[in-house]
Structure formats: C-alpha cells, structure tokens
Amino acid sequence: MKDLRLGIAGLGTVGCSVFQIVTKQVEMLNIRGGCNIQISAVSARDKNKDRNLDLNNVSWYSNAVEIAFDKNVDVVVELIGGTDGDAYNLVKNAILNKKHVVTANKALLSKHWAELLELANKNNVSLMFEAAVAGGIPIIKAIKEGLAANHFKAIYGILNGTCNYILSEMWKNGIDFETALAQAQEAGYAEADPSFDIDGIDAGHKLSILTALAFTGEAKFDNIRVEGLRSISALDIEYAKELDYRIKLLAIAKLTKDGVVQYISPCMIPKDCSLASIEGALNAVFIDGDAVGETVYIGAGAGGDATASAVIADIMDIARGNAYPENIYIEDCKYAAAETQEGRFYIRLTVKDVSGVMADVTAILRDCEVSLKSILQYGQSSSKSVPLVLTTHKTKECGIRKAIVALGALDTVLEEPCLLRIELI
Ligand code: HSE
C-alpha cells in the first residue's frame, strides 16, 4: 500500500480528535482507504500544552505555514481557523506545493472560494471541506455526490448549534434570550464573545458554501441577508406557541425566477415540520431537489469527534482517489436580492394601549401594500403598553421593510418592532 502522510495544523479540540481517531483506528482506516495513513507533522501554538497525544516520530512546527513545504507531507489538514493569516497562507502554499488540503475553515472558504478552488484545480490537487458545514453531517458529500442528479430548488439549514441550543432552552424553560445565552456559555456552546454565532455570521459562512455547491456559483457572503437572534424575546416564543410555530435560526437558499436568494434569519416555522423538532446543539439540513424531492440530514454540528469524523471522511476520499478538482463549481450563478422577493412575516409591536393605535398601524400596512392574515392583542396591561402581534399574507419584502421603519417611528410604538419570517408553510 502506498503511504498517505498527514500534516495537521492546529491542535485544538478538533485537531486533537483527528489525531486521536486516526491513531486509534488506523488499521480500519488503512483497509477502508487502501493507503498506509500516517501523521507525519503537526503544528500548534503551544508545544508544551498537555494534549495526551504521542508526538514521538511526528515533526513539530511552531510556524504552521512551514507544513506546506514539508516533503514528508502529502495532505495538509488545516484546523487553525480565520479568514486570512496563517490559515490562508498555509492552504495556498500547500496547494502550490501540490499537496491535497482538508479544511474545516468555513470563513476562509467563504472569502476565498473561487481563488482557492481554481488554484487547487490548476495544481491538480483536492481541496476538501466536509467539516466546514454542519460538523459531522456529510452534507457536502450529499450535495456533490448523493444528489448529483438534481437541480436544487431550496436548502433550509439549522447550521449553528449555539443558536439552536439557545432557542431550545428559551422554548423549554420560557427564559429570555440573555439568560439562555448565559446558559449556553456555561455549557460551553457559546464563546465568551458570542457575536459570530448569535449574529448569524457563522451560519452565513456555511450557507455561502452550500449555496455555491448546490447552485454552482461563487460563495458570496455579501449576498446573504444576515439577521441574528438578538431581537427574539420570551414573548415571541409564547406567541410562536400560540400560533403553532417554532422559532429557528434558518439558513435559507431558494431558487427564484430572479436568481438564488439567501437569508440567515430567525424564522417561525410550523411546529410539525421536520426542522421544528431539531433540539439543542444539533444541526439539520433540508434539501429540495427536482428529482429526489425533499431530504433531511440531522446530526452533531460541532464538537471535536463529530467534526473530526468529517475531516477524516475527506482524508479517506483522498486515500481512495475519490477526491477531485472542483473547477466545475466555479461558474457564476445569478443571485437575487432579498428585497425583491415575497414572503410571509410575523410582526410584534409594543404599543401604547390607547385608541387609534390600530388605525395608525393598519394605515401604514395598507400604504405599504402589506395584507394581514391575523392580529393578536390581549387585555390591558397595568403598564399601559401591550404587545400587538400581526402575521401577514405573502407580501413583498421591500414593502414590509418600509412598513417596519414607519411603524417603529410611530409615537405609540414604544420599542423596536420585531420582524420574523414565516417559512416552510
Ligand atoms: N460555533 C458553531 C456552532 C460551530 O455553534 O454551531 C462551529 O462552526
């Protein structure tokens, strides 16, 4: 059997799991991959940290980029993270030195998609990234291979485990967003600075990759309308229950007559649809293809071993010679702006409980050509402010955005309006 020598850059949670699983299961992997798989080089920031790994017989690099020039490395495994800097330099130089690359780095791919894929193609090596989207779920393989016969109509994903955990806790316990976020931080899901997750950036990077693959385009993060979780309150969860919905942060790519439209957005979805029951830190992806119809994939979206499972799947494809250049994906598909599309929406206003408010609200909606489906307003509160909840029929996104600005400017509307999409209906 021929050797396949790995250089692993980054020994954080995922890097350590890759090292441990490859070491422990090497016999099985060799049989399955038809190669003699070895870890020949590693790099991390702190050599002396106790990682419980046997690093004898493995070259150590304190500068990760040097792995790209090591003649004893056939596959560079990039697990450093970040859009530029060492991760970018390592991947680029590895490809230029004719090494295959496996990466879990969605931010890097989202920013440098065409450049890196074209470079890999030109150098006849593979750039593999199963671990970059939805952790252990083999969703890249599903789109590239299992569903290769399909034109895709839509992708809906729960791609951020931290957000799904927060929303699940809010749902189960009736707690507000801040309390659920603190719980997620305590449980180790959310970072000390959680903005990348809760503001939808992480999910946006992942969606840009899925869209680029499924709709054969550039990965364009800037084409995504990105909204995070911060506006969701315990009240919205209560109203979702009343309306028979669940709230989920969805990554959506839909093919419309104008092109592919993409959103990261907290959405109301029917409580009995497949994505509604995805709880905790799990991820899930729903794909609608013209031949296969609807398929759903569920699993761990993060965590050392689950992500390592995806990293090693890519290594196995390279071992078997199944990996191939991705040049076929670098055409440019047409993208459409969210504002040009139609959708259904949920609006929650906090209004003064005085006469005439409803007339003002409905006049704005009439002027913006927004047609209402339902209105909920209960009782009178002692504070003289009450929530007013409206749901719309299908309406132009530009109209609803205009209406929200006008509603927010009314004297009788006391807080920033909350606007959520209603999807999968
Ligand atoms: N922080 C991400 C999540 C995992 O919560 O899903 C890595 O992208």
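Quick note: numbers below take in every heavy atom, side chains included, and nothing from hydrogens, waters or symmetry partners. Just so you know, ligand 1 is whichever comes first in the structure, and atom 1 is the first atom listed for that ligand. The chain is numbered in sequence order, starting from 1.
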Decide whether an N or O pair under 3.5 Å exists between [X] and ligand 1.
X    : result
Y189 : no
A302 : no
D202 : yes

Worksheet item: Does atom CG of N56 have more than 12 heavy-atom neighbours, drawn from other residues, nucleotides or ligands, at distances under 6.0 Å?
Response: yes
Worksheet item: Would you say the ring centroid of W113 lies under 6.0 angstrom from that of F221?
Response: no
Worksheet entry | Near-ring test H151/F215, centroid separation under 6.0 angstrom | no
Fill in: Single hit among L79, L6, L11 for side chain to side chain contact (heavy atoms under 4.5 Å, CB included) with V18
L79
Worksheet entry | Six-ring centre of W171, K241 cation under 6.0 angstrom, axis tolerance 45° | yes
Practice prompt. Provide, to 0.1 Å, the distance between atom 1 (N) of ligand 1 and the closest protein heavy atom, together with that atom's residue and name.
Written response: D197 OD1, 3.0 Å
Worksheet entry | K271: side chain to side chain contact (heavy atoms under 4.5 Å, CB included) partners, not counting sequence neighbours | D244, R246
Discussion item. Quick one about S195 and D193 (side-chain donor to acceptor, distance below 3.5 Å, no hydrogens or angles considered), yes or no?
Written reply: yes
Report, in ascending order of atom number, the atoms of ligand 1 lying under 4.0 Å from any heavy atom of [X].
X    : value
N160 : 2 (C), 3 (C), 5 (O), 6 (O)
K106 : 7 (C), 8 (O)
G161 : 3 (C), 5 (O), 6 (O)

Discussion item. At under 4.0 Å between heavy atoms, is it the side chain or the backbone of T162 that contacts ligand 1, or both, or neither?
Written reply: both
Worksheet item: At a non-hydrogen distance cut-off of under 4.0 Å, which region of K206 contacts ligand 1 (side chain, backbone, both, or neither)?
Response: side chain
